Protein chains: 2
Amino acid sequence: MRITLLAGGVGGAKLAEGLAAICPPENLSIIGNIADDEEFHGLWVSPDIDTLTYSLADMIDRKQGWGLADERHRVLAGLERLGCDTWMSLGDQDMATHIFRTQLRNQGVRPSAIAQTIAESLGVKAHILLPTDDPLQTRIKTEQGWLSFQEYFVRERCQPDVLDIRFKGAEESWPTPEAVQAIKNADLLLIAPSNPIVSIAPILAIPGIRQAVAETRAARVAVSPLIGGRTIKGPADRMLVASGFACNSLGVADSYAGLIDGLVIDDEDQAEREELEARGFQVLTTSTLMTCAEDKNRLAKDVLAFASTVGVEEAATC
Amino acid sequence: MRITLLAGGVGGAKLAEGLAAICPPENLSIIGNIADDEEFHGLWVSPDIDTLTYSLADMIDRKQGWGLADERHRVLAGLERLGCDTWMSLGDQDMATHIFRTQLRNQGVRPSAIAQTIAESLGVKAHILLPTDDPLQTRIKTEQGWLSFQEYFVRERCQPDVLDIRFKGAEESWPTPEAVQAIKNADLLLIAPSNPIVSIAPILAIPGIRQAVAETRAARVAVSPLIGGRTIKGPADRMLVASGFACNSLGVADSYAGLIDGLVIDDEDQAEREELEARGFQVLTTSTLMTCAEDKNRLAKDVLAFASTVGVEEAATC
């Protein structure tokens with residue numbers, strides 16, 4: 001079974017790990033979010049893609065969920081000594097990734113080919129795909145004005161109220177052929193329990209990706225990032241509200257309107273099941289919290305078992 | 001007294017430190033060698049300038065004479081994991097300098113302004129000047145073909161026979177106004193005990209620099225890098241021979257023909273004094289070995305005392 005996963009950073013990487021553990025990883029394609037990318041110190045940093053790569057390479061800092069394990073920050077200290085703004089935490093080993101990526105980008109190599117090369121070099125067998133090779137950036141409007149995602153997320157620690165969110169460059173962007181193929185050829189299209197508004201939406205904002213997801217014959221299942229109507233970490237709950245969606249699994253489903261057939265929600269949110277089903281979604285209720293490898297593998301198994309019924313029931317409906 | 005020093009890497013940095021210790025550092029200008037610069041991993045590395053800067057900032061690795069003290073190489077290990085050639089040893093803190101320099105170069109800032117910014121950020125009070133902002137690269141012909149300086153020096157460990165040496169870009173290069181002013185306005189122009197062939201010659205190969213040195217009214221004194229006809233470290237002795245000069249202080253003096261008035265040689269080479277004087281050079285014989293701060297300061301004092309007589313005697317001769 002060919003599985004394609006749309007994923008953001010930490011939550012997406014956790015489900016990707018579960019899937020890679022229980023499926024042949026070469027049948028797993030993960031389309032990551034690049035709208036959080038930003039240049040720091042002249043180096044191109046791609047936080048969500050790196051989180052996916054480092055997680056699947058088993059090199060991730062398990063405690064914080066991002067960055068490499070056993071990091072130091074001596075380069076950053078050196079940059080600070082030279083008067084640079086160093087609010088974006090970049091470890092020394094991680095810096096190698098950014099230096100390598102930037103060099104290849106400046107040589108004209110496609111960003112998606114670079115991501116694949118990095119993943120292969122670190123021993124990742126699943127396919128990490130970029131949704132587009134074009135510039136695409138999440139812009140977040142606050143009372144301070146428009147911020148990049150990292151400025152909002154890291155520098156301002158998600159404190160400012162979010163007044164508006166835009167994906168700069170999305171309308172003009174072309175999908176990568178690899179991402180379109182992975183969506184078209186998938187038996188199962190999954191959306192990870194990532195932030196629907198700033199992790200998944202920018203992927204779906206690329207017209208060619210949105211169209212491929214709308215048209216694929218794959219069963220399409222999203223995993224809600226909410227547990228009891230709240231996120232474990234990060235501002236997804238507040239962002240759902242700021243974007244006009246309900247802060248519950250109904251809001252998550254609405255944010256994917258027309259693009260999913262089934263939704264996996266946490267046991268804590270089972271009260272919403274009936275209304276989801278009334279709206280035409282197939283629903284799996286299970287524990288979606290992933291704190292260890294066993295959690296990830298079990299959720300991946302649950303999702304796959306559920307997804308196989310989504311395909312069947314939908315076929316029966318046709 | 002305004003002193004301008006032409007200097008290469010390690011030997012040049014040692015005399016620079018001595019001078020900075022005994023003179024008001026704001027009256028000291030050091031024109032460094034940039035023909036050893038090279039791009040590694042997309043980052044612009046300027047080894048001789050960094051050695052000068054780190055030495056004067058008292059951050060140098062005293063044991064090896066270059067690089068920063070207490071370095072680790074985690075970035076380099078990361079780059080190696082990504083399949084990069086990592087024969088050029090670059091420490092983590094050092095990497096910050098290269099990242100910073102590259103970012104500013106890509107923004108169009110003049111390389112000499114960047115060098116000054118780095119030096120100031122690290123607390124260096126002497127003026128570290130670049131001889132040119134134009135591309136200039138030492139090329140070394142060996143039986144393997146033409147190599148860059150770092151390929152010859154670091155990768156090949158100076159093993160191949162040197163068949164020819166060229167300074168690519170020298171003829172078309174313009175001196176920086178700061179370097180020309182520092183030579184013109186100096187009371188004393190010193191040439192450090194650096195490699196005459198690959199550290200000092202590329203500076204003097206810039207037509208505007210050569211002309212300024214030829215025309216300055218400053219007393220001009222070189223310190224021979226040889227002790228007993230040999231170098232402490234590095235291939236200067238073999239390179240003198242390969243370039244058609246004698247491997248002694250006479251050869252060093254010849255390599256600076258028309259550009260120096262006096263020469264400082266080591267006690268071990270005092271047998272050559274008479275012939276140097278016969279050729280019209282004023283000569284100081286002293287211990288030129290610099291292994292500690294006291295050595296550096298003492299040599300700097302000896303050189304300054306000698307240089308003051310060079311100016312006086314020359315004036316008397318006119």
Side-chain angles (χ1 to χ4, degrees), chain A residues 38-46 49-50 53-54 57-59 61 67-86 88 90-109 113-124, chain B residues 38-46 49-50 53-54 57-59 61 67-86 88 90-109 113-124:
Chain A
E38 192 163 335
E39 200 178 299
F40 294 96
H41 318 295
L43 302 175
W44 197 255
V45 179
S46 194
I49 302 301
D50 288 345
T53 305
Y54 296 161
D58 197 19
M59 294 167 69
D61 182 328
L68 287 159
D70 186 29
E71 272 288 30
R72 290 195 178 83
H73 297 82
R74 294 165 71 85
V75 179
L76 214 63
L79 287 165
E80 191 161 15
R81 201 156 45 202
L82 292 168
C84 300
D85 251 349
T86 54
M88 183 71 177
L90 301 169
D92 293 337
Q93 302 172 97
D94 187 38
M95 206 63 92
T97 305
H98 313 318
I99 292 170
F100 182 76
R101 175 188 293 119
T102 303
Q103 182 182 22
L104 293 188
R105 284 176 72 103
N106 289 344
Q107 289 170 359
V109 181
I114 302 170
Q116 190 67 22
T117 300
I118 293 172
E120 283 169 9
S121 297
L122 301 183
V124 175
Chain B
E38 193 163 335
E39 200 178 298
F40 293 96
H41 318 294
L43 302 175
W44 197 254
V45 179
S46 193
I49 302 301
D50 288 345
T53 306
Y54 296 160
D58 197 18
M59 295 167 68
D61 182 327
L68 286 159
D70 185 29
E71 272 287 29
R72 291 196 178 81
H73 296 81
R74 293 166 72 87
V75 179
L76 213 64
L79 286 164
E80 190 161 16
R81 201 156 44 203
L82 292 169
C84 300
D85 252 349
T86 54
M88 184 71 176
L90 301 168
D92 294 337
Q93 303 173 96
D94 187 38
M95 206 62 92
T97 305
H98 312 318
I99 291 170
F100 182 76
R101 174 188 293 120
T102 303
Q103 183 182 21
L104 292 189
R105 284 176 72 103
N106 289 343
Q107 289 170 359
V109 181
I114 302 169
Q116 190 67 22
T117 300
I118 293 171
E120 282 169 9
S121 297
L122 301 182
V124 175

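In this text the structure is predicted, and so the values were computed from the model without any measurement. In what follows, every chain begins at residue 1, and chains take the letters A, B, ... in the order their sequences are listed.
- The candidate with the highest count of non-hydrogen atom pairs below 4.5 Å against chain B, out of Met95(A), Gln107(A), Arg72(A), is Arg72(A).
- Both the backbone and the side chain of Leu82(B) have a heavy atom closer than 4.5 Å to some heavy atom of chain A.
- Contact count against chain B (heavy-atom pairs under 4.5 Å) is highest for Ala96(A) among Ala96(A), Gly78(A), Gly91(A), Ser121(A).
- The residue among Leu104(B), Ile118(B), Ile99(B) with the most heavy atom pairs within less than 4.5 Å of chain A is Ile99(B).
- For the atom pair CZ of Arg74(A) and CD of Gln93(B), the computed distance is 4.5 Å after rounding to the nearest 0.5 Å.
- For Leu122(B), the part lying under 4.5 angstrom from a heavy atom of chain A is the side chain only.
- With rounding to the nearest 0.5 Å, the separation of CD in Gln103(A) from CG in Leu43(B) is 7.5 Å.
- Each of Val75(B), Thr97(B), Asp94(B) was scored for a side-chain contact (heavy atoms from CB on, under 4.5 Å) with Val75(A), with one residue passing: Val75(B).
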